[in-house]
Amino acid sequence: MTSRTPSRPSVAYVLPVYNEDANIDVFHATLVEAVAARPDIDFEFVYVDDGSRDSSLERLLALREHDDRVTVVGFSRNFGHQIAVTAGLDRVEDAAAVIVMDTDLQDPPRVSLEMIEAWERGVDVVYAQRRTRKDTWLKRTTAYAFYWLLGRLASIDIPRNTGDFRLMDQRVVREVNRYREQDRFLRGIVAHVGFRQEALLFDRDSRHAGTSGYPWKKMVAFAASGIFGFSTAPLRMISRLGYLISGFSLLLALYVLGVRLFTPDQAVPGWAFLGVGMFLLSGLQLIMMGVIGSYLGRVYVEVQDRPLYSVALQARGARLAPLTRGLEGVSDRAGDLAGEGSGSLR
Ligand code: UDP
Ligand code: MG
């Protein structure tokens, strides 16, 4: 059980690229320099070109000629950052750990080495949390507001101030890859999958060169994916509003009755029926829409077809079997998981 295969651990980088021709060479050089500090690990760099319109793809292919650890995947058109990362993740299931990072040098490569250290201590997901960020005031404020709202609405805890810069153990990557929803909010999916997750604080640099591939329209659509993908609260709001308005019609009815009883000379014929009826009917309509919404919410969850659960380990009898092939390759972690001989569950 505790046999430790001497094979070297492999760590793959998933690197989405969209119009980054001014950054790629510097980025790759910085990354290669950083990972040189860990000659004990086999590295692999999977660049996914997300339909760039500049010479990014040519530059990536040139990198590949000089560095056989580089894999290049080129999309037929721009599919978006989240899909580019997904395509990368689909191709690195065999790596013991995977690191996702941007290629504009906003995510410093040296931080990824700290992630690897945390992973070697047994953490399954190390997500980089921004201590500071050098973005515009507007971007910082909207990001704060978005995470606040998401925190209030979402069914799971999605850590604040994180991007997609994170390390995932192989077990996590395999679980994440089982989520095949079209509208992807990866940081939410990773939070949904679970496992042992830890934050690593870092200072986010500003973009090395070029412009953000996330203009406002994309940002808003992305924020909406986060909220609608992980919360049915907006649907529940419909029926709440319905109850509120129906309740109001009840109060109004009492008021009308009061006027009728105590100051009958002020009562206008027919207004009770119209006023109360208007609120009651629109309230009822909203409640019924909320009922439709509840069914729709269930249909939505079924259509998303997410895995029902993710297993972290399975202990049978006195033996404790790590569920993943290849985990044995990571000596310290395999020892951690398996315990020494007896297979104690911790
Ligand atoms: N990116 C991508 N497809 C897109 C937009 C961006 O693959 O449609 C990549 C981009 O090359 C970068 C990362 O995703 O490596 C983050 O994008 P960006 O820096 O533009 O976003 P920001 O940091 O401004 O949020
Ligand atoms: Mg960026």
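Just so you know, ligand 1 is whichever comes first in the structure, and atom 1 is the first atom listed for that ligand. A quick note: this is a predicted structure, and the numbers were derived from the prediction, not measured.
Atoms of ligand 1 found under 4.0 Å from any heavy atom of Gln106, numbered from 1 in the order shown, are 19 (O), 22 (P), 23 (O). Ligand 1 places these atoms under 4.0 Å from at least one heavy atom of Glu20: 10 (C), 11 (O), 12 (C), 15 (O). Close approach of ligand 1 to Ser212 is summarised as follows: ligand atoms under 4.0 Å from at least one heavy atom of the residue are 20 (O), 21 (O), 22 (P), 24 (O). Heavy-atom proximity to Gly80, at under 4.0 Å, picks out these atoms of ligand 1: 3 (N), 8 (O).
Protein heavy atom nearest atom 18 (P) of ligand 1, with residue, atom name and distance: Arg207 NH2, 3.5 Å. Nearest to atom 4 (C) of ligand 1 among the protein's heavy atoms is Asp50 OD2, 3.4 Å. Protein heavy atom nearest atom 1 (N) of ligand 1, with residue, atom name and distance: Tyr18 CB, 3.5 Å. For atom 16 (C) of ligand 1, the closest non-hydrogen atom of the protein is Asp102 OD2, 3.3 Å. Protein heavy atom closest to atom 17 (O) of ligand 1, with residue, atom name and distance, is Tyr214 CD1, 4.0 Å. Atom 8 (O) of ligand 1 has as its closest protein heavy atom Lys218 NZ, 2.8 Å. In this structure, the protein non-hydrogen atom closest to atom 25 (O) of ligand 1 is Lys139 NZ, 3.1 Å. At the top of the distance list for atom 20 (O) of ligand 1, counting protein heavy atoms only, stands Gly213 N, 2.4 Å.
A cation-pi arrangement is not found for Arg187 relative to Phe146, the charged atom failing to lie both closer than 6.0 Å to the ring centre and inside a 45° cone about the ring normal. Cation-pi check for Arg160 over Tyr144 is met; the charged atom lies under 6.0 angstrom from the ring centroid and within 45 degrees of its normal. For the pair Lys218 and Phe79, the NZ or CZ position fails the cation-pi test of under 6.0 Å to the six-membered ring centre and within 45 degrees of the ring normal.
Nearest residue to atom 19 (O) of ligand 1 from Thr103, Asp104, Asn23 is Asp104 (criterion: closest heavy atom).
At a 3.5 angstrom cut-off on N or O pairs, Ala84 does not count as close to ligand 1.
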Evaluate the criterion ring pair (Phe, Tyr, Trp, His ring centres under 6.0 Å) for residue pair His208 and Phe27; output intermediate values, then yes/no. CA-CA 9 Å; His208 177 259; Phe27 171 79; over 10 Å; no
Show, in sequence, the C-alpha distance, side-chain angles and deciding distance for Asp305 and Arg180, and conclude whether the salt bridge (Lys or Arg N to Asp or Glu O under 4.0 Å) test is met. CA-CA 8 Å; Asp305 200 22; Arg180 300 315 294 184; over 6 Å; no
Apply the test side chain to side chain donor-acceptor pair (under 3.5 Å) to residues Asp124 and Gln197: give CA-CA distance (whole Å), side-chain angles for both, the deciding distance (0.1 Å), then the verdict. CA-CA 6 Å; Asp124 294 306; Gln197 312 216 358; over 6 Å; no
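Panel note: side chain Arg171, backbone Ala312; a donor-acceptor pair is recorded below 3.5 Å. Arg166 places a side-chain N or O within donor-acceptor distance of the main-chain N or O of Gly163, the cut-off being under 3.5 Å. A donor-acceptor pair under 3.5 Å links the side-chain atoms of Arg184 to the main chain of Tyr179, judged by distance alone.
Residue Gln106: an N/O/S atom is found under 2.8 Å from the Mg ion (ligand 2).
The part of Asn78 lying near ligand 1 is the side chain, judged by heavy-atom distances below 4.0 Å. With a 4.0 Å cut-off on non-hydrogen atoms, His81 touches ligand 1 through its backbone as well as its side chain. Contact annotation: for Arg204 versus ligand 1, heavy atoms closer than 4.0 Å belong to the side chain alone. Counting heavy atoms closer than 4.0 Å to ligand 1, residue Val17 contributes backbone atoms (N, CA, C, O) but none from C-beta onward.
Ion pair Arg53/Asp21 not flagged as a salt bridge, since none of the NZ, NE, NH1 or NH2 atoms sits closer than 4.0 Å to an Asp/Glu carboxylate oxygen.
Closest to the Mg ion (ligand 2) among the N, O or S atoms of Asp104 is OD2.
Here the CD atom belonging to Glu181 is positioned 8.5 Å from the CG atom belonging to Leu186, to the nearest 0.5 angstrom.
Other residues, nucleotides and ligands place more than 12 heavy atoms under 6.0 Å from the OH atom of Tyr300.
Proximity of Met101 to ligand 1 is not established, as no heavy-atom distance is less than 4.0 Å.
Across all their heavy atoms, Tyr13 and Ser112 have their closest contact at OH-OG, 2.7 Å.
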